[in-house]
There are 2 protein chains.
Amino acid sequence: MSIQDRRERERARREKLIITAARELAEAEGWEAVTTRRLAERVEYSQPVLYSHFKGKDAIMTAVALEGFADLAAELRAARTAAPDATEALARISAAYVAFAERRPALYDAMFSQRVDLPFATPEAPAALHAGFDELAAAVGPHADGADPDLLTEAFWAALHGLVTLMRGGRLPRGQHERRLALLIACFTRGPAGSGHSL
Amino acid sequence: MSIQDRRERERARREKLIITAARELAEAEGWEAVTTRRLAERVEYSQPVLYSHFKGKDAIMTAVALEGFADLAAELRAARTAAPDATEALARISAAYVAFAERRPALYDAMFSQRVDLPFATPEAPAALHAGFDELAAAVGPHADGADPDLLTEAFWAALHGLVTLMRGGRLPRGQHERRLALLIACFTRGPAGSGHSL
DNA sequence: TTCTCGTTACTAGCATTGCTAGCGAAACGG
DNA sequence: CCGTTTCGCTAGCAATGCTAGTAACGAGAA
């Protein structure tokens, strides 16, 4: 069985190579530059090899997105756990989220702006997805103040996502970003139901 | 000059026809089904005619998006002006925004999820864009409570946008949408700086 | 009326895309 | 050492956005 094992190992290695190459190419020149031919050339295999690993180009992007969710979760965790208190935690995790999206726009696109068939809001969702959500939830939860923490996390996540995508598309002026983000956080840090904390 | 006039009129009419056909085709089958060939067939002209009106496919999508912004502004206005008070106005305009995006996903994509070269956050932005923003601002402003109203409007718009796009992409469970939206509004209706209104 | 000329829309084609069929070689099992 | 099976490649398909070159139409002059 050792031969089969080696083959599977090599195969897995090659699959990883494809995913990495796709991500790097996308981050360097955008997804529209990621064609199956260029990708194949980059991994030094022929085009059809890609299709023995992935069903199609979309599947490759999905795989890249999955890696991205893991990265994002890790960065969010680092930002959150480095904060001294709950208020600072929300501020830092928000900044980390925005920074991730700004620093790796192509990756963020694969994760969020792509019609990708991953189970998201279900228990079957990949672990990296849950990890990312849990990080946000851990930062948002302390400010829930009676409201449903998960629901509030979803709303906050959506707000961050909207901020990032609109800014990236030029729909929001970049200059005011810091103030806008602070304002958004201020809206959430007092909880949705009245007895507010102070700023 | 009347002949030239007629020609220009016919030309404008045809341009409108192209835009409408593109929108309808996109709304019926999605943008990936909108190819220049199918579009040309639909307007009963040959392919190159499209390029005598628009620089390329992207320009056609931009034109569709512009129409969309006008539509959205109108619907937002209707929702806002029908509300009895400021709190209700924000609730209704939010619902209208979400409803628009849900009812016309392809149009919404052209407006927001496309790399389109329109000036957005500048005075040169098309009137329809300003109109839409102004509607939101008129609904959000009364709840600013000391904060910069434009900035708060931008943040709220971003939140709505994030909610809509994440839900559409399956990233947020659809079942909780109403509660999530209400929660988001609750976060904004007390203004970002303390002396909160009641729910 | 007839000729000329500019406009206009079409036919045909290019390069590139994602994807697949079919072959040839290499490697494994006996 | 041979038969079989796996595997990756060459070549090609249909469809894409876009463009070059051409034929036809209509307006104005002779």
Side-chain angles (χ1 to χ4, degrees), chain A residues 1-19 21-23 25-26 28-65 106 109-110 113-117, chain B residues 1-19 21-23 25-26 28-65 106 109-110 113-117:
Chain A
M1 283 299 181
S2 171
I3 287 173
Q4 295 248 343
D5 280 3
R6 176 184 52 90
R7 287 200 164 173
E8 275 188 33
R9 222 164 37 232
E10 287 176 355
R11 190 177 165 76
R13 180 180 174 77
R14 194 172 58 179
E15 188 158 316
K16 181 84 179 169
L17 182 66
I18 293 172
I19 296 173
R23 178 178 50 74
L25 195 50
E29 307 182 36
W31 280 108
E32 73 279 357
V34 182
T35 69
T36 56
R37 281 170 176 78
R38 287 196 64 181
L39 186 52
E41 186 187 23
R42 187 139 169 163
V43 297
E44 294 179 311
Y45 281 94
S46 74
Q47 240 187 327
V49 167
L50 305 180
Y51 294 88
S52 73
H53 285 270
F54 302 96
K55 193 180 174 187
K57 191 187 172 185
D58 288 355
I60 297 178
M61 299 183 66
T62 302
V64 172
D109 272 355
S113 301
Q114 218 102 76
R115 198 150 273 318
V116 100
D117 55 347
Chain B
M1 281 297 181
S2 171
I3 288 174
Q4 295 248 343
D5 280 3
R6 175 184 53 90
R7 286 199 167 171
E8 276 188 31
R9 221 163 38 231
E10 287 175 355
R11 190 177 165 76
R13 181 180 174 77
R14 194 173 58 180
E15 189 158 317
K16 182 83 179 170
L17 182 66
I18 293 172
I19 297 173
R23 179 178 49 75
L25 194 50
E29 306 182 37
W31 280 108
E32 72 279 358
V34 182
T35 69
T36 56
R37 281 170 176 78
R38 287 197 63 181
L39 185 53
E41 187 188 23
R42 185 136 169 167
V43 297
E44 296 180 310
Y45 281 93
S46 72
Q47 240 186 328
V49 167
L50 305 179
Y51 293 89
S52 72
H53 285 271
F54 302 96
K55 194 180 174 186
K57 190 187 172 184
D58 289 355
I60 297 178
M61 298 183 66
T62 302
V64 172
D109 272 355
S113 301
Q114 217 101 76
R115 198 153 272 318
V116 101
D117 55 347

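Per chain, numbering begins at 1; letters A, B, ... match sequence-line order.
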Return the set of residues passing side chain to side chain donor-acceptor pair (under 3.5 Å) with [X] (not counting sequence neighbours), or none when no residue passes.
X: R38(B); answer: E29(B)
X: Q114(B); answer: none
X: E41(A); answer: none
X: R11(A); answer: none

Nearest whole Å is fine: how far is [N] [atom2] from [X] [atom1]?
X: R14(B); N: dT8(C); atom1: CZ; atom2: C1'; value: 8 Å
X: R11(A); N: dC7(D); atom1: CZ; atom2: C1'; value: 10 Å
X: Q47(B); N: dA15(D); atom1: CD; atom2: P; value: 13 Å
X: Y51(B); N: dT11(C); atom1: OH; atom2: C1'; value: 16 Å
X: W31(A); N: dG18(C); atom1: CH2; atom2: C1'; value: 15 Å
X: H53(B); N: dT8(C); atom1: NE2; atom2: C1'; value: 10 Å
X: F54(B); N: dC18(D); atom1: CZ; atom2: P; value: 13 Å
X: L25(A); N: dT17(C); atom1: CG; atom2: C1'; value: 15 Å

Phosphate OP1/OP2 of dT17(C): any R38(A) side-chain N/O under 4.0 Å: no
Quick check for you: among [options], whose closest atom lies nearest to any side-chain atom of [X]?
X: T35(B); options: dG17(D), dC10(C), dG12(D); answer: dG17(D)
X: K57(A); options: dC19(C), dT10(D), dT19(D); answer: dC19(C)
X: V49(B); options: dT10(D), dT11(C), dA9(C); answer: dA9(C)
X: P48(B); options: dT19(D), dA21(C), dT17(C); answer: dT19(D)

Close residues, residues 39-46 of chain B, relative to DNA chain C [heavy-atom separation under 4.0 Å]: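 Y45(B), S46(B), in order of number.
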Student check: side-chain heavy atoms of T36(A) and Y51(A) closer than 4.5 Å: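 Side-chain contact under 4.5 Å: yes.
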Side chains of residues 55-64 of chain B: which donor-acceptor pairs under 3.5 Å do they make with residues two or more places apart or in other chains?
{"from": "K57(B)", "atom 1": "NZ", "to": "V34(B)", "atom 2": "O", "distance (Å)": "2.9"}
{"from": "T62(B)", "atom 1": "OG1", "to": "D58(B)", "atom 2": "O", "distance (Å)": "2.9"}

Smallest separation among heavy atoms of A33(A) and L25(A), with atom names: O-CD2, 4.1 Å
